[in-house]
Amino acid sequence: MIHGFKLIEEEYIKDVDSNIKIFEHEQSGARLMAMENDDNNKVFGIGFRTPPDNSTGVAHILEHSVLNGSRKFKTREPFMDLLKSSLQTFLNAMTFSDKTIYPVASRNNKDFHNLMDVYLDAVFFPRVKTKKEIFLQEGWHYEINSKEEDINYKGVVYNEMKGAYSSPDAIMYYEFAKGLFPDSIYGNESGGNPYNIPELSYEEFIDFYNKYYHPVNSYIFLYGKMDLEEQLKFINDEYLSNFNKIELDSSIKIQKEFEKPRKIEVEYSIASDEDPKNKDILIYGVRSGKKSNILEAYTNEILRSVLFSNDGSPLKLALLKEGIGEDIDDPSTDGLELGLGITAINTSKEKVEDFTKMIEEELKKIIDKGIDKEQLEAALNRMEYNLRENGNFPTKGIIYFISSLDTWLYDEDPTIQFKYEDVLKELRENIKTDYYEKFVETNILNNNNKVIISLEASPGLNAKKDVEVAKKLKEYKESLSEEELNNLIEENKALGEFQNREDTQEEKDTIPSLKLSDIDSNVLEIPSIEEKKDNYTILYHPLFTGKINYIDLVFDLEFIKEEEIKYLALLCDLLTMVDTKNYPYTDLDTRIFLDTGGINVTASTIYNFRKEGGYFKKLMVSSKATVDKTEKMFNLIEEIIFNSKFDNIKRIKEILQIIKLKFESDIVENGHQYGINLTNSYYSQQGKYNENLNGITYYDFIVDLEKNLEEKFDSLQEELKSISGKVFNSNNMIFNITTDEEEKDKVIHLSENLISKLSKEELEKHDLVFNLEKKNEGIMTSSNVNYVIKSYNLKEIGYEYKGSHVVLSNILSSSYLYNNIRAQGGAYGTGMGVNNSGNIFFYSYRDPNIKNTIDVYNKTGEFLRNLELDNTELTQFIIGSVTKFDPPATNPTKGKVALTMYISGQTSDDLRKNLEEALNTNLDELKEFAKDIDYAMEKNYMATIGNTEQIKENKELFGEIRQLKK
């Protein structure tokens with residue numbers, strides 16, 4: 001027994017290089033797993049099984065709310081206080097379909113202890129149990145401040161989910177899960193359906209907390225290099241010793257078997273004036289095993305890739321060939337049972353019978369003829385890379401925590417996920433047998449646990465629902481007595497006072513803090529060795545990569561003309577997706593993942609640190625391969641860059657449709673990034689180039705090209721061949737290598753054949769000068785919420801980037817903007833930044849407002865001039881900014897970062913100077929920046945992407961208004 005914890009099991013697992021200990025806390029019943037290893041990026045996490053009984057989002061709202069003050073930590077939002085002032089390398093909370101988790105990470109021992117303390121106090125002793133205002137802010141409330149006003153719904157989670165449900169992808173995944181699990185918790189939306197969230201009462205919310213947030217229902221996780229006994233003592237003494245084991249049923253019921261496949265028809269919303277023709281979505285899905293059975297889970301992942309998602313997938317090919325959908329997707333579900341599906345996007349519900357028949361005919365053929373062995377091998381290789389690299393995520397312990405719950409949550413061995421070598425071996429052996437064919441026959445084709453869903457596009461459906469909501473709220477207001485209405489107004493007044501109230505010094509003192517003496521003043525230092533060879537440069541980073549070679553071929557694009565940029569972007573999208581001389585595109589994807597971990601072609605710009613307003617234009621071919629397959633990797637890159645063919649109009653049409661749909665989904669999901677790009681293009685040469693390369697301007701180009709492909713096809717081929725012939729040129733090329741030291745010379749030797757074939761033609765350079773125009777666009781989408789952007793470049797008034805501006809961004813993002821736009825305004829997110837190029841930008845994310853948000857941006861300078869911080873408060877903001885100069889990174893990522901720094905001219909000395917500036921930030925310096933912010937806001941360069949009706953209502957703010965989908 002160690003401080004109340006009974007050791008159940010101990011095992012060293014080679015696959016994750018960790019000694020794993022499983023404990024049970026005898027008094028409280030809490031489970032705990034510790035992964036001991038030499039990683040100094042330590043992780044703590046606690047999770048709870050939180051099965052939702054409905055779609056009110058109670059688990060999601062709880063996830064937000066428990067982090068808003070607790071027994072020991074008495075400020076209004078300790079989570080934000082930590083975000084401002086911690087050396088954290090990860091700090092978040094997440095709601096899944098059946099669990100809620102609270103993970104944190106830090107490389108600093110004292111900081112790690114502080115984070116763990118705050119999170120444990122938050123989940124076990126949250127203030128929301130007695131402070132209803134937290135629920136009203138984070139979940140939902142009736143918003144009304146005077147008797148004359150209309151009542152509206154407002155709340156952070158409410159607006160977050162309004163944004164999520166603006167995306168056809170989100171609706172598709174929800175309906176897919178609901179269709180497969182109609183009688184199970186997985187048929188509910190744990191995040192909350194925005195039209196159900198207002199059904200949740202505060203009392204039901206507290207009941208849910210009381211039921212599930214007990215140690216007996218918890219899963220505690222520790223990872224990294226630490227004194228384990230010290231951590232166990234702290235967890236026991238401070239927290240678990242306060243609880244006794246209770247009987248608690250949080251078990252998850254299995255969905256009962258279907259007697260026959262289910263057919264479902266539902267509607268989903270598109271923009272009010274969007275043509276619904278061929279905008280329907282069809283889904284074919286099955287329940288195909290349990291996540292806790294790792295063999296079944298991995299088999300599902302392999303078959304999902306082979307049958308549904310790869311370009312060579314037989315079902316995908318068959319559906320696209322017959323014109324059933326412009327793109328094919330492969331949804332899956334999260335939870336105890338696995339849901340596997342294939343989706344046709346942008347089609348007609350009238351084709352549902354053909355869709356179903358074609359899928360099942362293809363499945364029969366696959367079972368009879370057998371699945372292509374190389375496709376299975378390629379899918380398995382792809383999975384293996386992901387497992388070994390942990391998705392290239394820098395804080396590995398977070399991934400391990402989430403992975404462990406794939407079995408642990410369902411009362412199975414949590415270490416199974418870390419013993420993948422034997423399972424991979426078994427799956428590889430199974431390729432020689434009929435294992436996969438039998439799995440398809442039993443779990444997909446002949447499975448009655450099947451659903452066929454038709455999602456019909458309905459123009460303005462959400463707008464109609466919102467009218468109904470407004471009507472319901474009007475009737476609700478009319479039903480209130482004078483006293484009830486006054487009470488509601490008072491409740492909003494109390495909420496406003498709660499949100500505007502400054503924490504007292506006594507409350508602030510409860511938040512654990514670091515001193516500057518507690519931190520290591522490090523900057524990111526990456527070993528780089530430069531070698532000049534012929535007409536190009538080799539840049540090498542000797543870092544441990546586990547016998548995987550990571551390479552980047554970086555080509556100079558100074559020859560590019562303005563009219564060529566969009567074709568350059570399209571070339572990047574087409575390469576690896578079209579036929580080559582020796583491979584049809586249906587086989588190319590398989591070949592890539594048989595021999596490599598993927599091949600990516602991207603174009604981008606990199607700011608020039610040594611030239612005012614300058615930037616570098618580059619195209620990068622990136623790949624990775626194990627030592628034994630590196631030669632094949634270079635052969636494949638050669639095949640792709642020299643032998644790709646652009647003569648198949650049908651295939652080009654399919655790719656254009658795929659690009660278009662991905663843009664439309666991403667713009668609704670991540671509109672703030674596109675809005676920042678858009679506003680930058682109004683005043684910045686580099687911003688204009690980027691907008692043509694990957695912004696809404698490029699999307700417009702794709703839409704037009706797809707509509708008029710037949711008449712433009714000949715000229716398109718010529719443009720692509722011309723640019724391709726110029727791009728792959730070794731003059732000024734950089735060959736970037738990240739690998740183990742003993743592999744470097746082999747990699748260079750194996751690259752020589754490819755590099756010798758690159759063009760050496762001297763190309764004329766073009767100093768691009770764009771005509772810039774202030775458009776201030778309102779881009780209307782089907783979204784229920786908005787992304788509101790203001791930005792400008794400060795170089796024209798002599799701006800010089802300083803490390804103190806990282807501290808400034810921290811202060812404004814986590815206090816002023818957070819309080820006014822998120823806490824009070826109800827937006828899901830907000831922030832600001834200023835970078836080396838001089839661009840300053842403000843953004844909001846899933847925001848119910850437009851004008852109010854812009855007003856907040858415009859008053860930032862005023863806030864800054866009046867800012868008062870004592871030395872302790874300023875020090876905390878400084879500490880919270882330090883990790884920006886030495887972020888956690890995997891070794892492959894470090895190789896990329898070093899490459900970018902090399903091209904840009906930025907050095908570790910620059911970072912060190914900026915860190916020193918950040919550490920020496922003073923209040924007067926910050927206040928001095930207020931005039932620069934005023935200048936940028938007065939220039940009034942802005943854009944909004946979002947709700948059609950709201951953009952129209954605020955039309956005076958915009959120079960141009962248009963629909964995203966023309």
Side-chain angles (χ1 to χ4, degrees), residues 143-146 148-156 158-160 162-163 165-166 194 269-274 459-460 462-467 469-470 473 667-668 670-683 696 773-792 817 820-822 824-832 841-860 862 936-966:
E143 174 84 357
I144 183 169
N145 295 297
S146 71
E148 294 72 35
E149 284 183 4
D150 293 332
I151 293 180
N152 290 298
Y153 292 131
K154 198 171 184 181
V156 173
Y158 176 73
N159 285 313
E160 176 188 350
K162 278 190 80 175
Y165 270 67
S166 300
S269 184
I270 58 175
S272 301
D273 48 4
E274 191 177 339
N462 282 345
K464 293 170 192 171
K465 286 183 179 179
D466 289 342
V467 168
V469 167
L473 287 169
I667 290 168
V668 171
N670 299 295
H672 59 305
Q673 295 293 345
Y674 290 91
I676 291 169
N677 258 7
L678 200 58
T679 53
N680 285 352
S681 75
Y682 301 157
Y683 56 77
I696 290 175
E773 182 182 358
K774 180 180 180 181
K775 292 186 176 181
N776 286 13
E777 290 162 279
I779 307 291
M780 298 181 290
T781 71
S782 59
S783 179
N784 274 333
V785 288
N786 307 293
Y787 302 92
V788 184
I789 317 298
K790 280 197 83 171
S791 71
Y792 197 60
L817 295 174
N820 286 280
I821 291 174
R822 187 187 185 277
Q824 296 178 45
Y828 180 45
T830 182
M832 69 80 62
F841 55 89
F842 292 75
Y843 68 89
S844 68
Y845 183 87
R846 291 184 182 171
D847 188 347
N849 307 300
I850 297 177
K851 188 177 185 306
N852 288 350
T853 296
I854 290 171
D855 288 344
V856 171
Y857 296 161
N858 290 341
K859 292 174 183 174
T860 306
E862 179 185 339
M937 294 303 96
E938 285 164 9
K939 285 293 184 179
N940 195 38
Y941 282 77
M942 57 83 67
T944 294
I945 298 171
N947 181 264
T948 298
E949 283 71 28
Q950 282 192 314
I951 287 175
K952 287 179 178 176
E953 286 169 11
N954 291 278
K955 62 185 178 183
E956 72 282 356
L957 297 173
F958 303 103
E960 296 182 17
I961 292 177
R962 71 172 181 87
Q963 284 287 352
L964 173 68
K965 300 180 185 179
K966 295 179 178 177

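Numbers for residues simply follow the sequence, beginning at 1. Bear in mind that the values here come from a model prediction, so they are computed numbers and not experimental data.
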So, does D847 use its side chain to make a donor-acceptor pair with the main chain of Y787 at under 3.5 Å? no
Ring pair (Phe, Tyr, Trp, His ring centres under 6.0 Å) partners for F841, two or more places apart: none
With sequence neighbours left out, the residues meeting side-chain hydrogen bond (donor to acceptor under 3.5 Å, both in side chains) with R822 are H64, E138, Y818
Take I850 and I951, measure what side chain to side chain contact (heavy atoms under 4.5 Å, CB included) needs, and give me the verdict at the end. CA-CA 8 Å; I850 297 177; I951 287 175; 4.0 Å; yes
How long is the gap from CD1 on I961 to CE on M780, to the nearest 0.5 Å? 6.0 Å
Is there a side-chain contact between T781 and T948, using heavy atoms and a 4.5 Å cut-off? no
Any N677 side-chain heavy atom under 4.5 Å of I696 side chain: no
Using a 4.5 Å cut-off on heavy atoms from C-beta on, say whether the side chain of F842 contacts that of T853. no
E160 side chain to R846 backbone, donor-acceptor under 3.5 Å: no
Contacts of V469 meeting side chain to side chain contact (heavy atoms under 4.5 Å, CB included) (sequence neighbours excluded), chain-then-number -> Y153, Y195, L473
One should read off an interatomic distance between N786 CG and N947 CG, to the nearest 0.5 angstrom, of 5.5 Å
Aromatic plane relationship, H672 with Y843 - under 30° parallel, 30 to 60° tilted, over 60° perpendicular: tilted
Can you tell me how far CD1 of I854 sits from CE of M937, rounded to the nearest 0.5 angstrom? 10.0 Å
For T944, side-chain hydrogen bond (donor to acceptor under 3.5 Å, both in side chains) partners two or more places apart: none
Can you pull the ring-ring contact (aromatic ring centres under 6.0 Å, His included) pairs that have at least one residue in residues 942-962, sequence neighbours excluded? none
Check side-chain hydrogen bond (donor to acceptor under 3.5 Å, both in side chains) between K790 and all other residues, then give those that pass, not counting sequence neighbours. N858, N940
For E274, enumerate each residue passing the salt bridge (charged side-chain N to carboxylate O under 4.0 Å, His left out) test, keeping only those at least two apart in sequence or located in another chain. K279, K965
Take I779 and L678 through the side chain to side chain contact (heavy atoms under 4.5 Å, CB included) test and state the conclusion after the steps. CA-CA 10 Å; I779 307 291; L678 200 58; 4.1 Å; yes
State, yes or no, whether a side-chain contact exists between Y828 and N159 at a heavy-atom distance under 4.5 Å. no
Within the 3.5 Å criterion, strictly below it, is a donor on D273 or Q963 matched to an acceptor on the partner's side chain? yes
Partner set under side chain to side chain contact (heavy atoms under 4.5 Å, CB included) for S166, not counting sequence neighbours: V668, S783, N784
Residue list, side chain to side chain contact (heavy atoms under 4.5 Å, CB included) with S782, at least two apart or on another chain: A271
Contacts satisfying salt bridge (Lys or Arg N to Asp or Glu O under 4.0 Å) that involve residues 850-860 (not counting sequence neighbours) are K851-D855
With Y792 via side-chain hydrogen bond (donor to acceptor under 3.5 Å, both in side chains) - residues at least two apart: E796
Does the pair D150 and I144 meet the rule for a side chain to side chain contact (heavy atoms under 4.5 Å, CB included), with working shown? CA-CA 7 Å; D150 293 332; I144 183 169; over 6 Å; no
Heavy-atom donor-acceptor pair, S844 side chain to V788 backbone, under 3.5 Å: yes
I'd like to check the side chain to side chain contact (heavy atoms under 4.5 Å, CB included) partners of T679; sequence neighbours left out, ordered by chain and number. Y682, I789, S791, A943
